[in-house]
Student: 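One structure, as structure tokens, below. Some questions next.
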Number of protein chains: 2
Amino acid sequence: MPDAATVKGRATRARIIGGAAEVLREQGVAFTTLDDIRGRTGTSKSQLFHYFPAGKDELLLAVARFEADRVLEDQQPHLGRLDSWESWQQWRDVVVERYERQGDHCPLAALFLQVGRSHPGARAIVSELMRQWQQQLARGMRALRSNGLVSPALDVDRAAAALLAGIQGGVTIMMSTGDSTHLKAALDTGIEHLRASAGEPTAT
Amino acid sequence: MPDAATVKGRATRARIIGGAAEVLREQGVAFTTLDDIRGRTGTSKSQLFHYFPAGKDELLLAVARFEADRVLEDQQPHLGRLDSWESWQQWRDVVVERYERQGDHCPLAALFLQVGRSHPGARAIVSELMRQWQQQLARGMRALRSNGLVSPALDVDRAAAALLAGIQGGVTIMMSTGDSTHLKAALDTGIEHLRASAGEPTAT
DNA sequence: TCCGTTCTGGACTTGCTGGTCCATTTTCTG
DNA sequence: CAGAAAATGGACCAGCAAGTCCAGAACGGA
């Protein structure tokens with residue numbers, strides 16, 4: 001898997017992935033050529049194919065992995081410590097801020113569509129990301145439950161799945177409309193749903 | 001706007017759009033060429049450019065419009081009559097069924113990414129669809145409120161935005177993972193949230 | 001220092017695909 | 001029926017972008 005046998009080689013490979021990620025965010029997958037990536041990363045055609053022998057698809061997949069890793073990292077440390085209402089709120093703010101900054105680009109979605117469902121590796125990346133994300137949300141909900149902040153009857157896994165869906169959809173809609181209202185609504189309503197499950201009255 | 005001056009012309013144009021929509025669903029935008037569309041629709045190159053002078057982008061945009069129109073239509077008449085818990089449930093089932101049938105293709109998302117944010121018309125289509133969809137959900141919630149089924153304090157617009165986000169995200173996740181769990185969770189949790197706002201106890 | 005491996009540069013090929021063009025047929029109008 | 005306008009067929013073009021190739025430079029181990 002480590003496609004470089006040398007320190008220098010690994011550095012180049014990393015530079016290619018990072019640079020490609022930049023270009024892809026700026027131009028979108030559909031409008032990015034290998035030459036664009038070559039230009040940005042200061043590499044030559046042969047380097048691209050040296051590190052990604054299978055060509056463009058392999059490179060795109062590597063970028064997808066790279067981006068997927070960032071997604072959860074960017075939400076830390078908050079996502080890992082969802083054990084109080086304050087920490088949920090902080091996490092919520094970080095998510096909103098992160099995606100508002102990202103604007104109307106979702107590198108992952110684009111990458112996925114380009115590489116295609118046919119490719120075995122593409123699905124795995126997204127599936128794994130979603131699994132981990134949901135798992136962390138569920139863990140936070142269980143922490144709340146341990147602290148007696150939400151009802152023991154709450155179906156944690158379903159609530160986590162719903163919240164995750166809301167986030168994804170909020171981001172999707174923001175990409176299309178440029179408006180983060182839906183993302184915020186999904187997050188706030190989701191958290192509110194947790195609060196309500198504790199019987200705590202909800203202030204709108 | 002009506003780019004055809006003749007009955008025959010309009011028919012051909014419609015055939016092109018419909019056929020293109022099929023091909024795009026099957027192969028994905030990234031892998032569909034004008035020749036594929038030409039083959040499927042039994043037309044010639046000159047016809048394609050006769051009805052869509054601006055070329056491929058214009059055609060894709062027309063298909064996007066076509067697909068967007070179907071989205072809400074497919075949810076009728078349920079989406080228009082969300083005035084009882086039963087009707088909400090029916091609508092929910094229709095949505096799940098529709099997207100499970102559609103499988104892992106979201107023509108709109110793909111189209112949008114391909115045509116690009118740059119294109120002025122692309123955003124408008126999606127924005128308008130989201131606006132209408134959310135509006136219908138909100139109307140349904142107001143109907144519930146009129147019938148005393150949900151709390152008057154419910155922030156209808158926010159709840160509708162959150163529910164819509166959940167649906168979008170559920171579909172997105174399903175496209176990536178092939179699993180409709182998240183979509184169902186989002187729908188069920190959203191409806192449950194409405195129910196809870198009425199003070200009605202929630203069965204899990 | 002020497003030799004094999006890795007890394008790099010960049011010219012070149014090749015196939016595809018969007019788009020053009022014009023001749024021909026069909027349809028509408030009066 | 002005649003002439004114009006619309007619709008159609010399909011050959012052709014041009015550019016682009018992915019991928020190939022090989023020569024040469026840098027590097028690492030003995």
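Computed from a prediction, not measured in an experiment: that's the story for all the values here. In what follows, chains are A, B, ... by sequence order, proteins preceding strands, each numbered from 1.
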Student: Classify A/S46 by what it touches in the nucleic acid, base, sugar-phosphate, or nothing, heavy-atom distance under 4.0 Å.
Tutor: base

Student: Rounded to whole angstrom units, what separation is found between the CG atom of A/L48 and the C1' atom of D/dT20?
Tutor: 14 Å

Student: How many whole angstroms separate atom CG of B/L34 from atom P of D/dA14?
Tutor: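 These atoms are roughly 19 Å apart.
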
Student: Just the rounded figure in Å: distance from C1' of D/dG10 to CG of B/D35.
Tutor: 11 Å

Student: Run the side-chain contact (heavy atoms from CB on, under 4.5 Å) test on A/R81 and A/Q90 for me, step by step, so that the C-alpha distance in whole Å, both residues' side-chain angles and the decisive distance to 0.1 Å come before the verdict.
Tutor: CA-CA 10 Å; A/R81 306 191 188 284; A/Q90 280 176 357; over 6 Å; no

Student: Is there a side-chain contact between B/K45 and the phosphate of D/dG10, meaning an N or O under 4.0 Å from OP1 or OP2?
Tutor: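 Checking B/K45 against D/dG10: no side-chain N or O falls below 4.0 Å of OP1 or OP2.
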
Student: Calculate the interatomic distance between B/R38 atom CZ and C/dC16 atom P; express it in whole Å.
Tutor: 15 Å

Student: Taking only N and O in the side chain of B/K8, is any of them less than 4.0 Å away from OP1 or OP2 of D/dA7?
Tutor: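 Negative; the distance criterion is not met.
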
Student: State whether B/T6 places a side-chain N or O below 4.0 Å from either non-bridging phosphate oxygen (OP1 or OP2) of C/dT27.
Tutor: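 So the side-chain polar atoms of B/T6 never come under 4.0 Å of the phosphate oxygens OP1 or OP2 of C/dT27.
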
Student: Whole-Å distance between D/dA17 P and A/L60 CG?
Tutor: 14 Å

Student: Please determine whether a side-chain nitrogen or oxygen atom of B/T12 lies at a distance below 4.0 Å from atom OP1 or OP2 of D/dT8.
Tutor: yes

Student: Hey, would you say the A/W91 and A/W88 ring centroids sit under 6.0 Å apart?
Tutor: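 For A/W91 and A/W88, the ring centres are under 6.0 Å apart.
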
Student: Just how far, in rounded Å, is P of C/dT17 from CG of B/D36?
Tutor: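 It works out to 7 Å between those atoms.
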
Student: Tell me whether the OP1 or OP2 atom of D/dA7 has a side-chain N or O from B/Q47 closer than 4.0 Å.
Tutor: no

Student: For atom CZ of B/R15, decide whether the heavy atoms of other residues, nucleotides or ligands shown that lie under 6.0 angstrom number more than 12.
Tutor: yes

Student: Is the phosphate of D/dT8, meaning OP1 or OP2, less than 4.0 Å from a side-chain N or O of B/Y51?
Tutor: yes

Student: Starting at atom CZ of A/F49, determine the distance to atom P of D/dC22, rounded to an integer number of angstrom.
Tutor: 16 Å

Student: Calculate, to the nearest 0.5 Å, the distance between atoms CZ and CD1 belonging to A/R195 and A/I191 respectively.
Tutor: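 Result: 8.0 Å between the selected atoms.
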
Student: Hey, which of these two, B/V7 or B/T33, hits DNA chain C nearer its 5' end, going by closest nucleotide?
Tutor: B/T33

Student: To the nearest angstrom, how far is B/H50 atom NE2 from C/dT27 atom C1'?
Tutor: 12 Å

Student: If you measure from the Lys or Arg side-chain nitrogens to the Asp or Glu carboxylate oxygens, is any gap between B/R65 and B/E128 under 4.0 Å?
Tutor: no

